[in-house]
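The structure appears below as structure tokens.
Just so we're on the same page: letters track the sequence lines, and every chain starts at 1.
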There are 2 protein chains.
Amino acid sequence: MTATPDTDAPTEAPARGKRPKQGEPVIDRALSLLAVFSDRRRALTLSELARHADMPAPTALRLISRLVAWGALERLDDGRYVVGVRLWEVASLSPRGHGVREIALPYLEDLFEVTRHHVLLAVRDNEEAVLIERLSSKDATEVAYRVGGRAPLRSTAVGLVLLAGADQHFQEAIMAKPAEKEPGVAEMPEGQLRRTLSDVRRTGIAMIRRSHPSMTVSVASPIFDAQGSVVAALSIVVPDGSTPPNVLAPAVRATARAVSRNLGHQATVSTEVRTHSRG
Amino acid sequence: MTATPDTDAPTEAPARGKRPKQGEPVIDRALSLLAVFSDRRRALTLSELARHADMPAPTALRLISRLVAWGALERLDDGRYVVGVRLWEVASLSPRGHGVREIALPYLEDLFEVTRHHVLLAVRDNEEAVLIERLSSKDATEVAYRVGGRAPLRSTAVGLVLLAGADQHFQEAIMAKPAEKEPGVAEMPEGQLRRTLSDVRRTGIAMIRRSHPSMTVSVASPIFDAQGSVVAALSIVVPDGSTPPNVLAPAVRATARAVSRNLGHQATVSTEVRTHSRG
DNA sequence: AGGTGGCTTTCAATGGTTGGAATAGTATTG
DNA sequence: CAATACTATTCCAACCATTGAAAGCCACCT
């Protein structure tokens, strides 16, 4: 610190080898280890973890050992590591994760029972939607997303609902960015997007038609908390051409409202009328 | 370390005040912060977290900030902290958490649909069972446990199944300990417990009658993975006196077997016959 | 106004953390 | 079967992130 590195006058690289990159907070490193796990990487060896998290093996081992001791990770018989039940347990206390899910599940099931199509529940995390729950019969249409996975905001029905419910500032930030191309979904120019979001807010319904994994139509509706903010989105995904969307919409809206009510939201008679009505 | 504390000849306490208790790995501290969250404590203030995790506020703040930056925790508008979606997302990759659940859910739903009673799915973590999933209609009997919660091994149906499926060494260790008293469940002396576990292994069914939150009967059955080890337990909980247990047992066993098959388990014709039958 | 309690920032001392090197173990190859 | 390549683990001295008392804020209560 105080000493100036006056002694270094090597040819070019200060590669005296010493400590290449030291100085990242321990926690960040530990978390970056957790972040290595993904849908495709559910069981990893020490060296894989070390490589992907970009840290020397001994360091990774030390951190991982702690995580294992606590139960955040578990070690399989073959020496590989997987995410542990203990972590899952704590995560199940996440209000926006299992919290909403727990309250919504019975209603999702009702909707699923009646329609026998995919029913999805998602929340927003930063600039993406995270799938919290998905109900599917064993013989339903192919669907793109899995529970715990992420979906874009601009090109999915739940995404549009969540985006429409976000604060103005955030919406502008999203629209400022160029939309990344999503396979099988029609591009939407900014003007149309703005109109769509406004419609979603007014009607409480978002609709998207996609052709990629298969021809499907998604109909989504917002879920509100006691403060009236959009905390989640519920949607149904049906094969294009089966049940007409305008038939699905009421069912989806009704279900979403039922969940909202259970979250303490004082529903107004119409979505449009939202002035000073106090329960 | 190397230097002997020769200089200390104070009156009594070396309480020169300096660093009271410093020297716990950072990760452990961070994890102990996560561990503070529980069913009853889902949203906590900084000072609450610091108090329960037993560390000074500034330290807690520093650690928490990192966790928030990553998404393991989230901060509410009122300043309190809750478990974040990002953590939930990673945790959803837990093979024994969401993994089994994802595969089992459709089957659990079938069973639930037919019986309209509580359906539970649990795995073992150390000396307890952890509830992975619970399906309940809005109008079902009161039940003691919630998803993400823990239940004792010796006095619940799923617990007995998991215990019976654990390795011999572990079972002995459990039985060596005195059984903690569980309200509403009949005590079971060691001899009877041994016999019960043996029965469970033979029949693939465990049964427990409890009187506490309400009069109920639970019937559980093991779920096997491809290697033939018990990875989870499935159970149904019905009000005592409704459907007779011997009627439920086949349904529960059948469902558990269906899940096992999907996990890659090669079911044998009878549970009793398990010699050298391949494919 | 004074007091209380929670939250945040600062900062110098320090001990946990770090990663190269060496060792042991394991799979793959010639 | 030795050689090779890779992974996992242990060691340890240098070092820097970590630590928590102290003090400043802010909000709330009396």
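Not counting sequence neighbours, the partners of B:Glu172 by the salt bridge (charged side-chain N to carboxylate O under 4.0 Å, His left out) test are B:Arg194. A search for salt bridge (charged side-chain N to carboxylate O under 4.0 Å, His left out) contacts involving B:Glu102 returns nothing, not counting sequence neighbours. Residues passing the side-chain contact (heavy atoms from CB on, under 4.5 Å) test with B:Glu48, sequence neighbours excluded: B:Leu44, B:Thr45, B:Arg51, B:His52. Under the rule for a side-chain contact (heavy atoms from CB on, under 4.5 Å), the partners of A:Arg75 that lie at least two apart in sequence or sit in another chain are A:Tyr81. For the side-chain contact (heavy atoms from CB on, under 4.5 Å) test, residues two or more places apart in sequence or in another chain that qualify with A:Ala232 are A:Val100, A:Leu121, A:Val123, A:Ile223. A:Asp78 pairs by the salt bridge (charged side-chain N to carboxylate O under 4.0 Å, His left out) definition with A:Arg80, not counting sequence neighbours. In this view, B:Arg261 satisfies the side-chain contact (heavy atoms from CB on, under 4.5 Å) rule with no residue, not counting sequence neighbours. Shown here are the salt bridge (charged side-chain N to carboxylate O under 4.0 Å, His left out) partners of A:Arg96, two or more places apart in sequence or in another chain: A:Asp125, B:Glu74.
Here B:Ser47 reaches the OP1 or OP2 of C:dC7: one of its side-chain N or O atoms lies under 4.0 Å away.
A straight line from CZ of A:Arg80 to P of D:dA8 spans 11 Å, rounded to a whole angstrom. Summarising the geometry, the separation between CG on B:Leu46 and P on C:dG6 is reported as 10 Å, rounded to the nearest angstrom. Spacing between atom CE of B:Met55 and atom P of C:dG6 amounts to 17 Å, rounded to whole angstrom units. Here the P atom of nucleotide D:dA17 and the CD1 atom of B:Ile27 are 16 Å apart, to the nearest Å.
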Measure all distances between protein nitrogen or oxygen atoms and nitrogen or oxygen atoms of nucleotides 25-30 of chain D, and list the pairs falling under 3.5 Å.
none

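At a non-hydrogen distance threshold of 4.0 Å, B:Thr59, B:Arg62, B:Arg66 from residues 59-66 of chain B come into contact with DNA chain D.
Each end of the helix from C:dA1-D:dT30 to C:dG30-D:dC1 gets its own axis from five base pairs, and the two axes differ in direction by 40°, given to 10 degrees.
Comparing A:Val26 and A:Glu48 along DNA chain D, the residue whose closest nucleotide (by nearest heavy atom) sits nearer the 5' end is A:Glu48.
Using a 4.5 Å cut-off on side-chain heavy atoms (C-beta onward), B:Trp70 and A:Ile27 make no contact.
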Could you pull out every donor-acceptor pair under 3.5 Å between side chains of residues 56-66 of chain B and any protein atom, sequence neighbours left out?
from, atom 1, to, atom 2, distance (Å)
B:Ser65, OG, B:Leu61, O, 2.7

